[in-house]
Amino acid sequence: MKILYFAWMRERVGKAEEDVTPPAEVATVAQLVEWLAGRGEEYAHAFANPKIVRAAIDRTHVKPDAPIAGAREIAFFPPMTGG
Amino acid sequence: MKILYFAWMRERVGKAEEDVTPPAEVATVAQLVEWLAGRGEEYAHAFANPKIVRAAIDRTHVKPDAPIAGAREIAFFPPMTGG
Amino acid sequence: MRVRLQTEPFDAAAEVAALTGGRTDVGAVVTFTGICRASEGGEPVTAMTLEHYPGMAEAEIARHVEEAERRWPLLGVRVIHRYGRLVPGEPIVLVVTASAHRHDAFAAAEFLMDYLKTRAPFWKREERPDGARWVEAKAADDDAAARWSAPAPPRRDAAAE
Amino acid sequence: MRVRLQTEPFDAAAEVAALTGGRTDVGAVVTFTGICRASEGGEPVTAMTLEHYPGMAEAEIARHVEEAERRWPLLGVRVIHRYGRLVPGEPIVLVVTASAHRHDAFAAAEFLMDYLKTRAPFWKREERPDGARWVEAKAADDDAAARWSAPAPPRRDAAAE
């Protein structure tokens with residue numbers, strides 16, 4: 001699945017997007033966050049405070065307990081500051 | 001003193017303004033309304049429902065109990081419908 | 001001139017430009033335009049004539065602009081009200097409010113419109129297929145204006161915007 | 001297009017004209033323009049870069065426009081949000097709402113702005129004399145958006161306007 005990062009999460013991870021294949025036991029957004037955070041220092045830094053990380057699956061806001069099965073594109077970003 | 005009429009009060013009275021000299025015992029707006037209403041059928045018609053008549057003294061909204069002493073210009077009009 | 005009464009149309013964009021041009025402290029501009037409609041209460045309206053009380057109308061609107069400035073930290077205000085005969089589709093009134101933050105601009109614009117509807121000495125006469133008639137004041141407008149009669153609401157903390 | 005994301009400036013007057021031109025049912029148009037300010041929280045800001053999530057931003061704003069149309073009887077809506085680098089004084093966002101009556105246009109414009117601030121996937125990075133930093137989300141904006149989470153308010157009786 002494709003993972004996108006925005007704003008300071010993009011800066012911390014050091015890339016705007018990547019393709020990942022998490023193991024089958026990673027079933028929810030929260031579990032994906034935990035798995036990604038374990039992939040290296042830059043990820044640990046980006047996901048250091050999971051409470052403020054927002055996620056969208058296929059361009060729709062989701063909560064941490066959302067299942068990721070079937071997702072094509074999962075995005076992670078800080079709280080939004082548009083308008 | 002100068003009296004102005006607006007909207008349907010102007011139409012009913014048949015004039016936009018006039019100079020009047022009410023007797024000394026006419027001291028408030030409400031008393032002026034009563035005195036004007038007694039000046040003829042067109043005035044009686046214009047002031048038929050004193051409750052909905054609004055007044056301004058020298059271009060400031062006033063209530064019926066406002067004293068008219070010293071007023072140069074007193075206006076009567078229906079509830080406003082601007083905007 | 002912050003308050004103008006006129007028969008001719010107005011240019012909302014020019015008024016906004018006059019309030020914001022060359023400055024960098026304005027973060028929010030709210031513009032309200034009121035337009036003459038072709039029907040009212042389900043009945044057709046072919047035209048409308050706005051009568052006003054010259055002298056008082058300007059003063060009364062200016063007083064409400066000053067009141068708005070006391071209640072909200074505004075960086076600019078414009079009110080233009082037309083009078084005379086207008087046909088459906090023509091703009092009647094323009095209110096522009098500029099402030100650092102959006103809530104102040106929105107609140108001030110609504111406040112000014114609610115007051116214009118109920119306290120500014122204007123009277124509308126509608127032309128309908130069956131004749132002309134003076135528009136009656138609406139209780140809903142009085143209610144809308146009354147919500148501002150309470151003590152001024154607490155200012156939001158500008159830093160929290 | 002009712003929702004547009006673009007780097008170039010927008011023309012608020014042209015958007016209003018597109019919504020109201022040739023029609024006589026619109027009685028109220030509210031326009032909100034958000035502008036880049038030269039200071040934030042008392043500190044100078046020299047420029048701002050807006051990052052967004054292409055595809056999601058359009059869809060998310062369009063969903064909120066549809067929600068606004070469900071809540072209020074609107075006759076037209078436009079939302080334009082810029083992205084890229086902007087300097088103080090430049091417009092960032094435009095919301096235009098058109099309706100028969102003013103309360104609906106005001107409420108819908110405020111609703112859309114509150115949601116843009118908190119739910120549209122945009123992120124602001126401010127350039128300051130001591131370096132650049134990402135703008136933090138504000139609790140006041142979350143509070144403002146939360147007031148719309150209650151069931152939709154009862155529609156005012158249009159005839160009572």
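Chain letters run A, B, ... following the sequence lines, proteins first and then strands; every chain starts at 1.
Residues D:Glu67 and D:Trp148 bring no donor and acceptor atom of their side chains to less than 3.5 Å of each other.
Heavy atoms closer than 4.5 Å to chain A are found nowhere in D:Ala59, neither backbone nor side chain. Proximity to chain A (any heavy atom under 4.5 Å) is restricted, for D:Arg63, to the side chain, taken from C-beta onward.
Counting non-hydrogen atoms of other residues, nucleotides and ligands closer than 6.0 Å to CD of D:Glu136 gives a total of 12 or fewer.
Ranking D:Glu60, D:Arg119, D:His81 against chain A, the residue ahead of the rest is D:Arg119, based on heavy-atom pairs under 4.5 Å.
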Let me have the donor-acceptor pairs involving side chains of residues 48-55 of chain A, under 3.5 Å, with sequence neighbours excluded, atom names and distances please.
| from | atom 1 | to | atom 2 | distance (Å) |
| --- | --- | --- | --- | --- |
| A:Asn49 | OD1 | A:Lys51 | N | 3.3 |
| A:Arg54 | NH1 | A:Lys51 | O | 3.4 |
| A:Arg54 | NH1 | A:Ile52 | O | 3.4 |

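Between A:Tyr5 and A:Phe76, the ring planes lie parallel to each other; the angle is under 30°, not in the 30° to 60° tilted range.
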